[in-house]
Chemist: 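Submitted below is the structure of interest, expressed as C-alpha coordinates.
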Amino acid sequence: MSPARLLSAAPLALAILALSGCSSLLGCSDTTTERGEAGVKVQVVDVYGQSRHITAEVVDWRLEPHPQEPSKGDQVHFHFRFDGADDATDPVVDACAVDKKRVVLGCRTVSSSEAFGPGGVPTGDAWITVGHPEQVAQVLVIPNDQSYDRPTCDQDVKDGGGPHPPKPPGAGDRL
(Lines give C-alpha, C1' and ligand atoms only; values in the text may rest on other atoms or scores of the structure.)
Protein backbone atom coordinates (compact mmCIF):
# COMPACT_ATOMS: atom_id res chain seq x y z
CA MET A 1 0.00 0.00 0.00
CA SER A 2 1.40 3.40 -0.94
CA PRO A 3 2.14 5.99 1.77
CA ALA A 4 -0.46 8.38 0.30
CA ARG A 5 -3.15 5.73 0.38
CA LEU A 6 -2.18 4.75 3.94
CA LEU A 7 -2.43 8.38 5.10
CA SER A 8 -5.83 8.82 3.47
CA ALA A 9 -7.19 5.86 5.46
CA ALA A 10 -5.80 7.11 8.80
CA PRO A 11 -8.71 9.48 9.65
CA LEU A 12 -11.22 6.70 9.07
CA ALA A 13 -9.25 4.30 11.26
CA LEU A 14 -9.02 6.88 14.04
CA ALA A 15 -12.76 7.58 13.84
CA ILE A 16 -13.54 3.86 14.14
CA LEU A 17 -11.24 3.53 17.16
CA ALA A 18 -12.78 6.57 18.84
CA LEU A 19 -16.34 5.37 18.30
CA SER A 20 -15.52 1.88 19.53
CA GLY A 21 -14.17 3.21 22.83
CA CYS A 22 -10.62 2.12 22.06
CA SER A 23 -9.08 5.56 22.11
CA SER A 24 -8.51 8.36 24.55
CA LEU A 25 -9.63 10.72 21.79
CA LEU A 26 -13.07 10.66 23.42
CA GLY A 27 -11.75 13.08 26.01
CA CYS A 28 -12.28 10.91 29.07
CA SER A 29 -11.10 12.61 32.24
CA ASP A 30 -11.32 11.83 35.93
CA THR A 31 -11.75 14.35 38.71
CA THR A 32 -11.77 13.79 42.45
CA THR A 33 -14.17 15.75 44.62
CA GLU A 34 -12.66 17.79 47.45
CA ARG A 35 -13.18 16.22 50.86
CA GLY A 36 -15.86 18.08 52.78
CA GLU A 37 -15.52 19.40 56.32
CA ALA A 38 -15.89 16.54 58.80
CA GLY A 39 -18.13 16.99 61.81
CA VAL A 40 -20.25 15.17 64.36
CA LYS A 41 -23.31 16.06 62.25
CA VAL A 42 -23.03 16.85 58.52
CA GLN A 43 -25.15 17.30 55.40
CA VAL A 44 -24.29 14.49 52.97
CA VAL A 45 -23.12 15.78 49.57
CA ASP A 46 -22.78 14.09 46.18
CA VAL A 47 -19.70 14.12 43.91
CA TYR A 48 -20.74 17.55 42.60
CA GLY A 49 -20.82 19.03 46.13
CA GLN A 50 -24.62 19.27 46.08
CA SER A 51 -26.62 18.41 49.18
CA ARG A 52 -28.45 15.09 49.10
CA HIS A 53 -30.84 16.48 51.77
CA ILE A 54 -29.66 13.77 54.16
CA THR A 55 -27.96 14.33 57.51
CA ALA A 56 -25.35 11.90 58.84
CA GLU A 57 -24.58 12.10 62.55
CA VAL A 58 -22.47 10.37 65.18
CA VAL A 59 -24.94 10.03 68.05
CA ASP A 60 -22.46 8.82 70.66
CA TRP A 61 -19.26 6.84 71.06
CA ARG A 62 -17.24 5.12 73.76
CA LEU A 63 -14.14 3.02 74.23
CA GLU A 64 -14.73 -0.61 75.13
CA PRO A 65 -13.54 -4.08 74.13
CA HIS A 66 -15.25 -5.54 71.07
CA PRO A 67 -17.44 -8.45 72.32
CA GLN A 68 -16.04 -10.82 69.68
CA GLU A 69 -12.42 -9.79 70.24
CA PRO A 70 -12.07 -8.75 73.90
CA SER A 71 -8.37 -9.69 73.98
CA LYS A 72 -7.59 -6.80 71.61
CA GLY A 73 -8.50 -4.26 74.31
CA ASP A 74 -10.53 -1.10 73.91
CA GLN A 75 -11.78 -0.06 70.50
CA VAL A 76 -14.09 2.74 69.41
CA HIS A 77 -17.77 1.75 69.51
CA PHE A 78 -20.06 4.40 68.03
CA HIS A 79 -23.70 4.90 67.10
CA PHE A 80 -24.74 6.79 63.99
CA ARG A 81 -27.86 7.77 62.12
CA PHE A 82 -28.92 9.16 58.76
CA ASP A 83 -31.87 11.52 58.77
CA GLY A 84 -33.70 11.73 55.41
CA ALA A 85 -32.27 8.52 53.94
CA ASP A 86 -34.36 5.66 52.63
CA ASP A 87 -33.83 2.40 50.73
CA ALA A 88 -33.59 4.27 47.42
CA THR A 89 -30.94 6.78 48.55
CA ASP A 90 -28.73 4.65 50.87
CA PRO A 91 -25.82 7.08 51.34
CA VAL A 92 -22.41 5.80 52.43
CA VAL A 93 -19.95 7.99 54.36
CA ASP A 94 -16.65 7.58 56.18
CA ALA A 95 -16.60 7.86 59.97
CA CYS A 96 -13.24 8.50 61.63
CA ALA A 97 -11.88 8.45 65.16
CA VAL A 98 -9.62 11.49 65.63
CA ASP A 99 -7.39 12.94 68.32
CA LYS A 100 -7.58 16.45 69.83
CA LYS A 101 -5.91 17.93 66.73
CA ARG A 102 -8.35 16.09 64.39
CA VAL A 103 -5.64 13.71 63.23
CA VAL A 104 -7.16 10.45 62.01
CA LEU A 105 -6.50 7.39 64.17
CA GLY A 106 -8.78 5.06 62.21
CA CYS A 107 -11.80 5.12 59.91
CA ARG A 108 -14.62 2.95 58.74
CA THR A 109 -17.30 3.33 56.09
CA VAL A 110 -20.93 3.25 57.24
CA SER A 111 -24.12 3.04 55.22
CA SER A 112 -27.64 4.15 56.04
CA SER A 113 -28.75 0.58 55.32
CA GLU A 114 -26.81 -0.48 58.46
CA ALA A 115 -29.08 1.70 60.61
CA PHE A 116 -32.35 0.20 61.80
CA GLY A 117 -34.75 0.26 64.72
CA PRO A 118 -38.29 1.11 65.68
CA GLY A 119 -39.79 4.52 64.86
CA GLY A 120 -38.04 7.82 64.39
CA VAL A 121 -34.65 7.93 62.73
CA PRO A 122 -33.02 4.48 62.61
CA THR A 123 -29.68 4.15 64.40
CA GLY A 124 -26.75 1.90 63.59
CA ASP A 125 -23.61 0.99 65.48
CA ALA A 126 -20.12 0.18 64.30
CA TRP A 127 -16.57 -0.27 65.55
CA ILE A 128 -13.31 1.42 64.58
CA THR A 129 -10.06 -0.30 65.41
CA VAL A 130 -7.34 2.11 66.52
CA GLY A 131 -3.79 1.54 67.73
CA HIS A 132 -3.99 3.99 70.64
CA PRO A 133 -7.58 4.24 71.90
CA GLU A 134 -6.56 6.59 74.72
CA GLN A 135 -5.84 9.27 72.09
CA VAL A 136 -9.40 9.31 70.69
CA ALA A 137 -11.07 12.69 71.30
CA GLN A 138 -14.12 12.31 69.02
CA VAL A 139 -15.67 10.45 66.10
CA LEU A 140 -16.47 12.52 63.01
CA VAL A 141 -18.29 11.81 59.76
CA ILE A 142 -17.13 13.09 56.38
CA PRO A 143 -20.01 14.46 54.30
CA ASN A 144 -18.96 13.05 50.91
CA ASP A 145 -21.28 10.27 49.74
CA GLN A 146 -19.17 7.25 48.75
CA SER A 147 -22.12 5.20 47.46
CA TYR A 148 -21.56 5.82 43.76
CA ASP A 149 -18.08 5.72 42.36
CA ARG A 150 -18.15 5.23 38.61
CA PRO A 151 -15.27 3.51 36.76
CA THR A 152 -12.18 5.57 36.05
CA CYS A 153 -10.96 6.33 32.53
CA ASP A 154 -8.25 3.69 33.00
CA GLN A 155 -10.93 1.11 33.82
CA ASP A 156 -13.37 2.11 31.07
CA VAL A 157 -12.42 4.88 28.65
CA LYS A 158 -15.83 4.83 26.97
CA ASP A 159 -18.18 4.88 29.98
CA GLY A 160 -15.80 5.84 32.79
CA GLY A 161 -14.47 9.15 33.93
CA GLY A 162 -16.12 12.11 35.53
CA PRO A 163 -16.24 13.07 39.19
CA HIS A 164 -15.29 10.57 41.90
CA PRO A 165 -15.66 10.82 45.67
CA PRO A 166 -12.48 11.58 47.63
CA LYS A 167 -10.33 8.69 48.81
CA PRO A 168 -11.01 7.66 52.40
CA PRO A 169 -8.65 9.31 54.88
CA GLY A 170 -5.86 7.24 56.36
CA ALA A 171 -4.24 7.22 59.76
CA GLY A 172 -2.28 10.45 60.20
CA ASP A 173 -4.44 12.55 57.86
CA ARG A 174 -5.88 15.71 59.39
CA LEU A 175 -9.59 16.40 59.15
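What you see is a predicted model, and the numbers here were worked out from it, not measured in a lab.
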Chemist: Just so I know, are the side chains of Tyr148 and Asp46 near enough to count as touching, which here means a heavy-atom distance under 4.5 Å?
Modeler: no
Chemist: Say you draw a straight line from CZ of Arg62 to CZ of Phe78; how long is it, rounded to the nearest 0.5 Å?
Modeler: 11.5 Å
Chemist: Going by atom types only, do Ser147 and Asp145 share a side-chain donor-acceptor pair under 3.5 Å?
Modeler: yes
Chemist: Measuring only between side-chain heavy atoms, which start at C-beta, is Ile128 closer than 4.5 Å to Trp61?
Modeler: no
Chemist: Hey, could you give me the OG1/NZ distance between Thr33 and Lys167, rounded to the nearest 0.5 Å?
Modeler: 11.0 Å
Chemist: Would you name the heavy atoms of Asp94 and Gln146 that are closest together and state the gap between them?
Modeler: OD2-NE2, 3.7 Å
Chemist: Between atom OG1 of Thr31 and atom OH of Tyr48, what is the distance when rounded to the nearest 0.5 Å?
Modeler: 8.0 Å
Chemist: Please report the closest heavy-atom contact between Leu105 and Ala171, naming both atoms and the distance.
Modeler: O-CB, 4.2 Å
Chemist: Working to the nearest 0.5 Å, report the span between CD of Gln138 and NZ of Lys100.
Modeler: 11.5 Å
Chemist: Under a 4.5 Å cut-off applied to non-hydrogen side-chain atoms, are Thr55 and Lys41 in contact?
Modeler: yes
Chemist: Any chance you could measure Trp127, atom CH2, to Lys72, atom NZ, to the nearest 0.5 Å?
Modeler: 12.5 Å
Chemist: Does atom CD (Glu134) have a neighbourhood of more than 12 heavy atoms from anything else shown, all under 6.0 Å?
Modeler: yes
Chemist: Measure across Thr32 and Pro166 and return the closest heavy-atom pair with its distance rounded to 0.1 Å.
Modeler: CG2-CA, 3.7 Å
Chemist: Considering all heavy atoms of both residues, which atom of His79 and which atom of Thr123 are nearest to each other, and what is their separation?
Modeler: CB-CG2, 3.9 Å
Chemist: Between atom CZ of Phe80 and atom OG of Ser111, what is the distance when rounded to the nearest 0.5 Å?
Modeler: 7.5 Å
Chemist: Side chain of Asn144, backbone of Arg35: donor and acceptor closer than 3.5 Å?
Modeler: no
Chemist: Which of these, Gln155, Arg150, His164, sits in a side-chain hydrogen bond (donor to acceptor under 3.5 Å, both in side chains) with Asp30?
Modeler: His164
Chemist: I'd like to know if the side chain of Arg102 and the backbone of Leu140 have a donor-acceptor N/O pair within less than 3.5 Å.
Modeler: no
Chemist: Quick check against the 3.5 Å criterion: does Thr89 have a side-chain atom that pairs as donor or acceptor with the backbone of Pro91?
Modeler: no
Chemist: Among Val104, Val103, Asp99, find the one that has a side-chain contact (heavy atoms from CB on, under 4.5 Å) with Arg174.
Modeler: Val103
Chemist: With no hydrogens and no angle check, just 3.5 Å: does a side-chain donor-acceptor pair link Gln75 and His66?
Modeler: no
Chemist: Going hydrophobic residue to hydrophobic residue with side-chain gaps under 4.5 angstrom, can you get from Val139 over to Val40?
Modeler: yes
Chemist: Measure across Val47 and Pro163 and return the closest heavy-atom pair with its distance rounded to 0.1 Å.
Modeler: CG2-CG, 3.6 Å
Chemist: Treat each ILVMFWY residue as a node, draw an edge where side-chain heavy atoms are under 4.5 Å apart, and state whether Val130 and Val141 are in one component.
Modeler: yes
Chemist: Are any non-hydrogen side-chain atoms of Leu63 and Val76 less than 4.5 angstrom apart?
Modeler: yes
Chemist: Would you name the heavy atoms of Cys96 and Ile142 that are closest together and state the gap between them?
Modeler: SG-CD1, 4.1 Å
